Asker: 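First the structure, which I've put down as structure tokens, then a few questions once you've had a look.
We count ligands from 1, going down the list as the structure has it; atoms in each ligand are counted the same way. Note that the coordinates shown come from a computational prediction; the quantities given were computed from them, not determined experimentally.
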Amino acid sequence: MDLSPWLVVLFTALVQASAILADTDSQDYTGLVAIADNWNPNPSNWIGNDPCGDNWTGIICTGNRVTSIRLSSFGLSGFLSGDIQSLSELVHLDLSYNKELGGSLPASIGSLSNLENLILVGCSFSGELPNELGQLTNIIFLSLNSNKFSGSIPASLGRLSNLYWFDLADNQLTGGLPIFDGTNPGLDNLTNTKHFHFGMNQLSGTIPSQIFSSDMKLIHVLLDNNNFSGSIPSTLGLLSPLEVLRFDNNPLLSGPVPSNINNLTKLAELHLENGKLTGPLPDLTGMTALSFVDMSNNSFNASDVPSWFTTLPSLTSLFLENLNIAGQLPQALFSLPAIQTLRLRGNRFNGTLTIGSDFSAPLQLIDLQDNDISSFTISGSQYNKTLILVGNPICVPGSSEKYCTPPGKSNPAAAPYYTPMNCSVLPPTCLSDQLLSPTCICAVPYRGTLFFRSPSFSDLTSPSNFVPLEQDMKVKFTRLNLPVDTISIHDPSFAQSNNLQLSLELFPSGKVHFSEQDISNIGFVLSNQTYKPPSLFGPYYFIAQRYPFANGLQVPSESKSTNRLPLIIGVSVGGAVLVTVLLALVIVFAKRKRSPKKNEERSQSFVSWDMKSTSASTIPQLRGARTFTFDELRKITNNFSEANDIGNGGYGKVYRGTLPSGQLVAVKRSQQGSLQGSLEFRTEIELLSRVHHKNVVSLVGFCLDQDEQILVYEYVPNGTLKESLTGKSGVRLDWRRRLRVVLGAAKGISYLHELAEPPIVHRDIKSSNVLLDERLNAKVSDFGLSKPLGEDGRGQVTTQVKGTMGYLDPEYYMTQQLTDKSDVYSFGVLMLEVLTAKKPLERGRYIVREVKAAVDRTKDLYGLHELLDPVLGASPLALAGLEQYVDLALRCVEEAGADRPSMSEAAAEIERVIKMAGGPGAPGHESASESMSYASRTPRHPYGGDSPFDYSGGGMPSSRVEPK
Ligand SMILES: *[C@@H]1O[C@H](CO)[C@@H](O)[C@H](O)[C@H]1NC(C)=O
Ligand SMILES: *[C@@H]1O[C@H](CO)[C@@H](O)[C@H](O)[C@H]1NC(C)=O
């Protein structure tokens, strides 16, 4: 007999009985459990049968009914089950930023008649938008952007008469914009909607004239990056509240721009670029709110310089490229009070370019490439920002004027904005999953990318454009009681879609991790636009990365079924009273037993062996390295005496010892009892025993006796490169020696990448991990974080980001994809450190940014005199090859790994530089003073003293112990 129908009945009865005990409505509870069954993982406190009473994370109730689900950035995978319809009182559903959550939207969502916010930003939902969405007549916020929806926009959405925010951007939607057809409503019926965000799809057809009318309240109309054709309807001029208009990047959009466009006196951002628009250049007279105008690359009639050029008081950015505009540019254009960027290349501007002394202070860039300008007058104070006149008659061949050099060479773009770091002391090295906040605290930030669809500015370097955003966020997040301490924004850039994007990090206040509840709250504030940025940023959306919670989240199936199974069994005893009693017991039991399953990060080591055991069978056969007994090592270090102590750090201490054979060794003894330490320890043994190269420190042996973790290395007498650069070790490195050390390091790393089997990524290349032997040969050391690569032949692994701040490859850090190019980045940073003797990251100054900003390739030594280590003496003669060295270093720190050279290419290039610098720079002919400095040095032995794990427990940094 099939018992399952009975079980269902009994189960339902039971759940209803359980409602006597739990606060939560039973239908909501079963619905929620059914939905959560298709999500993985679940928040860690989703246990028991009372979401409302037990305050399940991300669930908000009114009375006993679930009214909100907010689970953005939880790393959920799976799909949204049709059981969502059970939650009939649901008002807010926010599942944004769960990249792995997808499938199609269930049609049953249409029955949620109370739903006001449906926010599914940045997931992977696909398939067609269900017609049933049109039944959500109470909906106010519909944000389905950045998914993979396809098919056309259902006309039924025209029924959403309360809709305020309508965002379908960044999907794969096709077809046209549906309008009222005599029976069925269309988008023109959305008379309360203020935002039409439909950009970045494949929508096509003409833009229907009915869609714009004086009944509409639209303030943002974003139809950019689609395939619309035909011309812009003249009804556009009826949208008097309009503030942002984007029709750009519709390659087939044609015909004239309606002349009533200048009715739009509130319009701040106008984007018409990259289409086939014809007719006269639009007349923007009277549109005094305009700040950003881009009409580049269209087919307008040839025209003279229009009179409105000098009449728009708020204009920051005027982009009119390749438009056949002729005549002399008025001087007043350069003194518009807000003007930042003028991109006017490819026109026929002629005559004399005159920039008066009253040019506007925010002005950063005038690009007039390929025009007809024949002379240039600057009066009064010099205009010293970027000016590009390449391709004008004024630039005769061979002209050495800076403005005649193609951009990029003489006119390097200034570095984009980066929230400054305000460290009063030396910044600590953060644990691997943590970042340094702008106030120099290590914590795990909530991270993501902000996309501004229509900023009113174009200068990405000026703090005056970005500091207001930081301040505004801080104030508003605090007001919302969100535990955000500091905000870091960096790397603003304009994407191909013309959106401004920038990286955002929110650091937790007074703790290392945000809680699950914090993330639910913060994610919602950003996904449903509760947070509004200062107006100069315009409309935005945010895509968060999955937040790495302190304990991971629970794996759902087990914990929930252990709660439900006893319920079902219990019922067979029968009798409602008994059931209730049993149920109470079960619930009490379940509540007691709840212990969230933690997803412990397993070691991904490629050789696994039990390191606690010393039996011969579990110790791997290690080439070259031998095992020592604890007694042997005690003997050779004179009982680990102070006198033999040559360095220490959080991991423990390093002692000098002499083997019976007379060989000097360095004995690194780890502090007992650290699991992290033991993983590192094992990694290091496994890797080092396989690699043998003169530029890689060699492992003599190890000891696993008596719970000890001791590594024995060859003795490298001259300390670390870092100590030499900071002058601590007394080893003085001139230019040629530095090149030689850098070459040695490059060869060591290149060996790891290309000759070791399997290849190894070091992951922690830095100056304190490069040791110098008695002949100043570089030896790469500290393999505690290293990873074997490409066992699957792909040359990359996905891994938790580890390394040292300042040296960390930003691409690896963003994507968590580790490749050998991450070491190349760190090596590039090390090259810059060798050049400047500056710490890579100090008091908000990042060496890579600083050098990039300072390089001027028209000057000798690339104009870097002020950044160079003064010890080098900044004479071009003494520093032969420096330019090539800088070029190489900057290639190593390219943003994209693919643009960086391989380590062997870098090594070959350094060899060429050494030839330019005059010979091998080998020791052996040092001057007397240099030999003196050898004699006066004190030996030191950090062996990885800068390990990211140099912390005492609790995840908070303790003050680092520098090698003595
Ligand atoms: C939709 O708009 C049309 C024309 O503007 C109007 O006649 C019709 O009644 C509207 N329908 C609804 C359902 O509002
Ligand atoms: C500049 O171009 C305008 C419009 O084509 C023309 O009338 C004028 O003569 C030109 N001026 C010079 C100096 O070439």
Asker: Checking the N or O distance criterion of under 3.5 Å, is ligand 1 in contact with Asn189?
Answerer: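 Yes - when backbone and side-chain N and O of Asn189 are compared with those of ligand 1, one distance drops under 3.5 Å.
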
Asker: Mind telling me whether Phe166 and Phe198 have parallel, tilted or perpendicular rings, with 30° and 60° as the class edges?
Answerer: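 Because their plane-to-plane angle is over 60°, the rings of Phe198 and Phe166 count as perpendicular.
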
Asker: Below 4.0 angstrom, N of the basic side chain to O of the carboxylate: do Lys385 and Asp459 qualify?
Answerer: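 Salt bridge: no.
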
Asker: Would you verify that at least one protein heavy atom lies under 4.0 Å from atom 11 (N) of ligand 2, or report that none does?
Answerer: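 Yes; the ligand atom in question has protein heavy-atom contact below 4.0 Å.
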
Asker: Would you mind checking if Asp28 and Arg65 are paired as a salt bridge, meaning a charged N to carboxylate O distance below 4.0 Å?
Answerer: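 Salt bridge: yes.
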
Asker: If the plane angle is over 60° it's perpendicular, under 30° parallel, otherwise tilted; pick one for Phe376 and Tyr403.
Answerer: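 The arrangement is perpendicular - the two ring planes meet at more than 60°.
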
Asker: Give me the ring orientation class for Phe451 and Tyr541: parallel if the planes are under 30° apart, tilted from 30 to 60°, perpendicular past 60°.
Answerer: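 It falls in the parallel class, under 30°.
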
Asker: On a heavy-atom basis, I'd like to know which of Ala302, Ser374, Ala326, Ser303 is closest to atom 5 (O) of ligand 2.
Answerer: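 Heavy atom nearest to atom 5 (O) of ligand 2 belongs to Ala326.
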
Asker: Please state which option from Asn350, Asp304, Thr352, Ile325 has its nearest heavy atom closest to atom 14 (O) of ligand 2.
Answerer: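 Among Asn350, Asp304, Thr352, Ile325, the closest heavy atom to atom 14 (O) of ligand 2 belongs to Asn350.
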
Asker: Got a salt bridge between Arg345 and Asp367, using NZ or NE/NH1/NH2 to carboxylate O under 4.0 Å?
Answerer: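 Answer for the salt bridge query: yes.
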
Asker: Nearest to atom 7 (O) of ligand 1, what protein heavy atom do you find, and at what distance?
Answerer: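 Sorting protein heavy atoms by distance from atom 7 (O) of ligand 1 puts Phe180 CE2, 3.7 Å first.
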
Asker: Under 4.0 Å from atom 2 (O) of ligand 1, is there at least one protein heavy atom?
Answerer: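 True for atom 2 (O) of ligand 1.
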
Asker: Where is the nearest protein heavy atom to atom 13 (C) of ligand 2: which residue, which atom, and how far?
Answerer: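 In this structure, atom 13 (C) of ligand 2 has Gly351 CA, 4.2 Å as its nearest protein heavy atom.
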
